[in-house]
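One structure is given here, and the rest of the page talks about it.
Atoms considered below: every heavy atom in the structure, side chains included; atoms not considered: hydrogens, waters and symmetry mates. Quick caveat, the model's predicted, so the values are computed rather than measured.
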Amino acid sequence: CRPLCAYGDILLYFLYIFFFQAEDGIRDSPVTGVQTCALPIFGVRRGLEGALEKYLAETEQPSENTVVVAGIGCSGNMVHMLEKEQPFGIHGIHGRSLPISMGVKMGNPDLNVVVVAGDGDFLGIGAEHIAPQAMRNLNITAIVMDNGVYGLTKGQSSPTTDLGVITSSTPYGKMEEKVHPLRNYLTMGVSFIGSTISNKVKDMSDMMYQAMSHPGFSIVHIQSPCTEYNNTYEALKGSVKKGIEPLAYDIPEGHDPSDPEAAQEVVNADGIPLGIIFRDTSRPTFDQKVKDTTGSKEMKSVDSLIEGFTI
């Protein structure tokens, strides 16, 4: 992507609003011959590239109408890895991908804004930003790659690491319970919730496309095992030979994603559901509400806003 650097926290919203007025995903590295935790991202990358290609073709938009916003971590490399026609990309700061994306979207509501984040970035330091955007129904798509560790910094425990797991930061086992992202998203009011796994590239790509097409705040949560520090792939997929039952399962065809109670049953069940869990198209998006509220009022200039802080 065309990189744009972002610094600060409170100023991020203002800076950007004005500025913008592997099928299996897990395999040995062909260079080193060893497994690396970044490799599942390639499956996610292919899914995102396919979704963007379809979305831009359907909407007849140029690639530069898409902005990919990343935080810090293995997932942040997605900004630099996308091939084909290049969207704009912002490699921001840890946990602040949602404030940045809000500035971009509200600066130019016609843009297709896609957040790429990891479980540590999005559900740790960045968790405080999820509920506000859900309440606003900010019209963006967040793609969250969950590997259950901080992979970029050598495998420390993350919010989604299981209780008792030994990592470099929990030598006696993790002592706090893990968060349950899908339950949290539903409770917070995210209007589109999808769950998938990094080896299902075709299904994942279609889910991303549906999320981009959804009017409102969309999250696609992807199980993306870190093959170096937390390889949960076998646990997710299961192994008949080893007698391991899979954690991941397809949501039954009869599931109605527009039914909040049905969605609640899915997220409260054991295992990792794969499919679209919840979709609510009845709520207006944040940019629509702002437009309806402000009407034809003229927006203040940058100079007048800065002048307002003058002592």
Side-chain angles (χ1 to χ4, degrees), residues 44 47-48 51 55 69 71 75 97-98 101-102 105 112-124 126-148 158-160 178-224 236 247-286:
V44 180
L48 179 55
Y55 178 83
V69 179
S75 60
S97 54
L98 287 177
S101 64
M102 179 181 175
K105 185 66 179 182
N112 174 40
V113 181
V114 179
V115 167
V116 289
D119 51 297
D121 181 49
F122 198 77
L123 299 169
E128 64 192 270
H129 299 294
I130 301 172
Q133 305 309 349
M135 288 185 284
R136 295 182 179 112
N137 202 25
L138 185 67
N139 193 12
I140 65 166
T141 298
I143 295 169
V144 183
M145 288 158 267
D146 184 354
N147 58 17
S158 82
T160 56
K178 69 176 182 179
V179 302
H180 296 275
L182 301 177
R183 296 178 195 172
N184 289 357
Y185 301 154
L186 188 62
T187 300
M188 291 175 182
V190 177
S191 59
F192 180 104
I193 304 169
S195 174
T196 186
I197 188 171
S198 59
N199 72 314
K200 292 181 172 288
V201 177
K202 186 176 179 181
D203 292 345
M204 175 171 48
S205 185
D206 181 65
M207 188 179 295
M208 291 176 182
Y209 167 74
Q210 291 189 59
M212 290 179 204
S213 303
H214 172 76
F217 188 31
S218 307
I219 296 181
V220 176
H221 195 92
I222 304 169
Q223 297 298 318
S224 183
L236 290 166
L247 284 174
Y249 66 93
D250 292 326
I251 296 174
E253 290 186 10
H255 172 68
D256 179 6
S258 67
D259 183 351
E261 292 185 6
Q264 195 71 57
E265 288 182 13
V266 170
V267 299
N268 285 335
D270 294 332
I272 307 293
L274 305 178
I276 296 175
I277 297 169
F278 184 66
R279 174 164 40 202
D280 179 6
T281 59
S282 65
R283 295 167 56 194
T285 62
F286 187 55

Quiz item: Should V190 and H221 be marked as a side chain to side chain contact (heavy atoms under 4.5 Å, CB included) after you check the CA-CA gap, both sets of side-chain angles, and the distance that decides it?
Solution: CA-CA 12 Å; V190 177; H221 195 92; over 6 Å; no
Quiz item: Nearest heavy-atom pair of I197 and I222: which atoms, and what distance?
Solution: C-CG2, 3.9 Å
Quiz item: More than 12 non-hydrogen atoms from neighbouring residues, nucleotides or ligands closer than 6.0 Å to CD on E128, yes or no?
Solution: yes
Self-check item: Spacing of S218 atom OG and R279 atom CZ [to the nearest 0.5 Å]
Solution: 9.5 Å
Practice problem: Go through the steps to decide whether L98 and I140 satisfy the test side chain to side chain contact (heavy atoms under 4.5 Å, CB included), and finish with yes or no. | Solution: CA-CA 9 Å; L98 287 177; I140 65 166; 3.7 Å; yes
Quiz prompt | I130 and N184, any side-chain heavy atoms less than 4.5 Å apart | solution = no
Practice problem: Please work out which of the three classes, parallel, tilted or perpendicular, describes the rings of Y185 and F122, given edges at 30° and 60°. | Solution: perpendicular
Exercise. Please report the C-alpha distance between I219 and I193 in whole Å, then the side-chain angles of each, then the deciding distance to 0.1 Å, and finally whether the side chain to side chain contact (heavy atoms under 4.5 Å, CB included) criterion is met.
Key: CA-CA 5 Å; I219 296 181; I193 304 169; 5.5 Å; no
Practice problem: Indicate the atoms forming the closest heavy-atom contact of L182 with P273, along with that distance. | Solution: CD1-CG, 3.8 Å
Quiz item: Got a second to check how far L247's CG is from L274's CG, nearest 0.5 Å?
Solution: 10.5 Å
Quiz prompt | Nearest-0.5 Å distance, CZ of residue F278 to CD of residue Q264 | solution = 10.0 Å
Exercise. Using atom types as modelled and distance alone, determine if a side-chain donor or acceptor of D119 lies under 3.5 Å from a backbone N or O of N147.
Key: yes
Quiz item: S282 and D280: which non-hydrogen atoms are nearest, and at how many Å?
Solution: OG-OD1, 2.6 Å
Quiz item: What pairs with A51 under side chain to side chain contact (heavy atoms under 4.5 Å, CB included), at least two apart in sequence or on another chain?
Solution: S205, M208, Y209, M212
Practice problem: With side chain to side chain contact (heavy atoms under 4.5 Å, CB included) as the test, would you mind laying out the steps for N268 and R183 before giving the verdict? | Solution: CA-CA 7 Å; N268 285 335; R183 296 178 195 172; 3.7 Å; yes
Quiz item: How close do L138 and S101 get, heavy atom to heavy atom, and via which atoms?
Solution: CD2-OG, 4.3 Å
Quiz prompt | Shortest non-hydrogen separation from A263 to I277 and the atoms involved | solution = CB-O, 3.5 Å
Quiz item: Of all residues at least two apart in sequence or in a different chain, which pass the side chain to side chain contact (heavy atoms under 4.5 Å, CB included) check with P284?
Solution: Q288, K289
Practice problem: Could you grab the distance from atom CE of M207 to atom NE2 of H214, nearest 0.5 Å is fine? | Solution: 13.5 Å
Exercise. Grab the two heavy atoms, one from D121 and one from G71, that are nearest each other, plus how far apart they are.
Key: OD2-CA, 3.4 Å
Self-check item: Between CD1 on residue I143 and OG on residue S224, distance to nearest 0.5 Å
Solution: 11.5 Å
Quiz prompt | For H255, all residues meeting ring-ring contact (aromatic ring centres under 6.0 Å, His included), sequence neighbours excluded | solution = none
Quiz item: Do H129 and M102 have side chains that get closer than 4.5 Å, going by heavy atoms?
Solution: no
Practice problem: Would you kindly say whether S191 and N137 are connected by a side-chain donor-acceptor distance under 3.5 Å? | Solution: yes
Self-check item: T141 side chain vs A211 backbone, donor-acceptor pair below 3.5 Å
Solution: yes
